Amino acid sequence: MTGINFLIGELTAKRLGLLCEFVPGAARIAVLVNPANATNVETTLRDVEPAALAMGLQIQILKASTSSEIEAAFATFVRERPDALFVGNDAFFRSRSVQLVHLATLHKVPATYALREFVEVGGLMSYGVNVTEALRQVGVYTGRILKDAKPADLPVVQSSKFELVINAVTARMLGLTVPASLLTVADEVIE
């Protein structure tokens, strides 16, 4: 067995910690997952629940697998106001990035995402693997196989470059100040 592990799900606890550092008074975190992707839900909850417990956070699980269910999940924010939102890693959520970012901004909920694409369209922050670097590793692997390397002889490679991306404009819109501790470690701050 061989391949590239993007390590997106394994960064859940770190993402939650960075979100709490950004929003220090946060006590209630909504966690958005896609029930159509049971493996991702299981992985996300397995990682986020103990991390939240260790940080003294309450979590509220929200499920959405359609655009209308995303709208319904955000509608609950009117009744049950979370301090922040943790968006699970999911291909469907990636395809709905503009909708998710728009709703988080509309409801004035600080949110964290696994991929920088969300921050580029106005999301507050992301922490995750540098996808460009990971795809470069895929290309290197493909090249090795095309040069007659046996896939079974190649090791599993894990992503090793992670990035914290912060949207300072969104932070100001939400009335947040980017902590100096995050500014010093951020790979990119969008102004």
Side-chain angles (χ1 to χ4, degrees), residues 6 8-9 11-12 14-34 37 40 44 48 57 59-135 159 161-191:
F6 280 47
I8 292 174
L11 302 175
T12 299
K14 177 72 173 176
R15 279 182 53 214
L16 185 61
L18 290 168
L19 179 61
C20 289
E21 190 173 341
F22 208 122
V23 187
R28 295 185 42 183
I29 309 293
V31 178
L32 183 64
V33 294
N34 177 1
N37 190 338
N40 270 2
T44 299
V48 83
L57 302 171
I59 60 169
Q60 173 188 7
I61 308 302
L62 302 173
K63 297 179 179 178
S65 59
T66 66
S67 292
S68 61
E69 288 176 356
I70 290 173
E71 297 278 347
F74 277 89
T76 68
F77 291 177
V78 174
R79 296 184 311 274
E80 304 170 26
R81 179 85 180 139
D83 298 315
L85 172 64
F86 182 98
V87 177
N89 178 49
D90 188 84
F92 171 67
F93 292 157
R94 187 175 184 187
S95 75
R96 302 304 308 159
S97 62
V98 172
Q99 179 187 17
L100 288 164
V101 167
H102 172 75
L103 288 168
T105 304
L106 180 69
H107 289 279
K108 297 190 181 308
V109 177
T112 183
Y113 308 92
L115 300 169
R116 74 176 296 122
E117 287 88 357
F118 289 88
V119 182
E120 291 171 346
V121 296
L124 178 63
M125 68 181 294
S126 67
Y127 180 74
V129 71
N130 180 311
V131 176
T132 302
E133 178 63 21
L135 292 174
S159 297
K161 186 171 182 182
F162 308 104
E163 59 185 359
L164 171 62
V165 182
I166 297 170
N167 190 316
V169 175
T170 301
R172 286 190 295 276
M173 286 174 44
L174 295 172
L176 298 171
T177 301
V178 181
S181 59
L182 293 181
L183 283 174
T184 60
V185 297
D187 295 282
E188 183 176 352
V189 177
I190 297 172
E191 284 291 344

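Worth knowing before you read on, the calculation uses all heavy atoms, side chains too, and leaves out hydrogens, waters and symmetry mates. Quick caveat, the model's predicted, so the values are computed rather than measured.
When side chains are defined from C-beta on, Leu62 counts as touching Phe77, because their heavy atoms get closer than 4.5 Å. Side-chain contact between Leu176 and Leu124 is present, with heavy atoms from C-beta onward closer than 4.5 Å. For the pair Ile166/Phe22, a side-chain contact is recorded, criterion being any heavy-atom separation below 4.5 Å from C-beta on. Leu32 is listed as a side-chain neighbour of Leu100, based on a closest heavy-atom distance under 4.5 Å. Looking only at side-chain heavy atoms (C-beta outward), Val178 and Val189 stay at 4.5 Å or farther from each other. Using a 4.5 Å heavy-atom cutoff, the side chains of Glu69 and Asn34 are not in contact. When side chains are defined from C-beta on, Arg15 does not count as touching Val48, because their heavy atoms never get closer than 4.5 Å. Between Leu18 and Leu164 there is a side-chain heavy-atom pair separated by less than 4.5 Å.
Atoms CG and OG, from Asp90 and Ser65 in turn, are 9.5 Å apart once rounded to the nearest 0.5 Å. Atom OG1 in Thr12 sits 4.5 Å away from atom CZ in Phe86 (nearest 0.5 Å).
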Intermediate values then yes/no, side-chain contact (heavy atoms from CB on, under 4.5 Å), Thr170 and Val101: CA-CA 10 Å; Thr170 301; Val101 167; over 6 Å; no
Pair Arg96, His102 - check side-chain contact (heavy atoms from CB on, under 4.5 Å), show working. CA-CA 10 Å; Arg96 302 304 308 159; His102 172 75; over 6 Å; no
Before giving the answer on side-chain contact (heavy atoms from CB on, under 4.5 Å), spell out for Phe74 and Ile70 the whole-Å C-alpha distance, their side-chain angles and the decisive distance to 0.1 Å. CA-CA 6 Å; Phe74 277 89; Ile70 290 173; 3.9 Å; yes
side-chain contact (heavy atoms from CB on, under 4.5 Å), that's the test. Do Gln60 and Thr76 meet it? Break it down for me. CA-CA 11 Å; Gln60 173 188 7; Thr76 68; 4.2 Å; yes
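Between Ala104 and Tyr113, the shortest heavy-atom contact is CB-OH, 3.8 Å. Taking both residues in full, the closest heavy atoms of Thr105 and Met173 are given as CG2-CE, 3.3 Å, listed atom of the first, atom of the second, then distance. For the residue pair Arg81 and His107, the shortest heavy atom distance occurs at NH1-O, 2.6 Å. Nearest heavy atoms, Ala111 versus Leu19: C-CD1, 4.4 Å. Scanning all heavy atoms of the two residues, the minimum distance from Asn167 to Gly123 falls at CB-O, 3.0 Å. For Ser126 against Ala114, the heavy-atom pair with the smallest separation is CB-C, 4.4 Å.
The main-chain N or O of Arg28 is found under 3.5 Å from a side-chain atom of Asp83 such that the two form a donor-acceptor pair. Listed for the Glu163 side chain is no donor-acceptor partner under 3.5 Å among the backbone atoms of Arg116. In this structure, the side chain of Asn40 engages the main chain of Asn89 through a donor-acceptor pair within 3.5 Å.
Glu21 and Lys14 are not joined by a salt bridge, as no carboxylate oxygen comes within less than 4.0 angstrom of a charged side-chain nitrogen.
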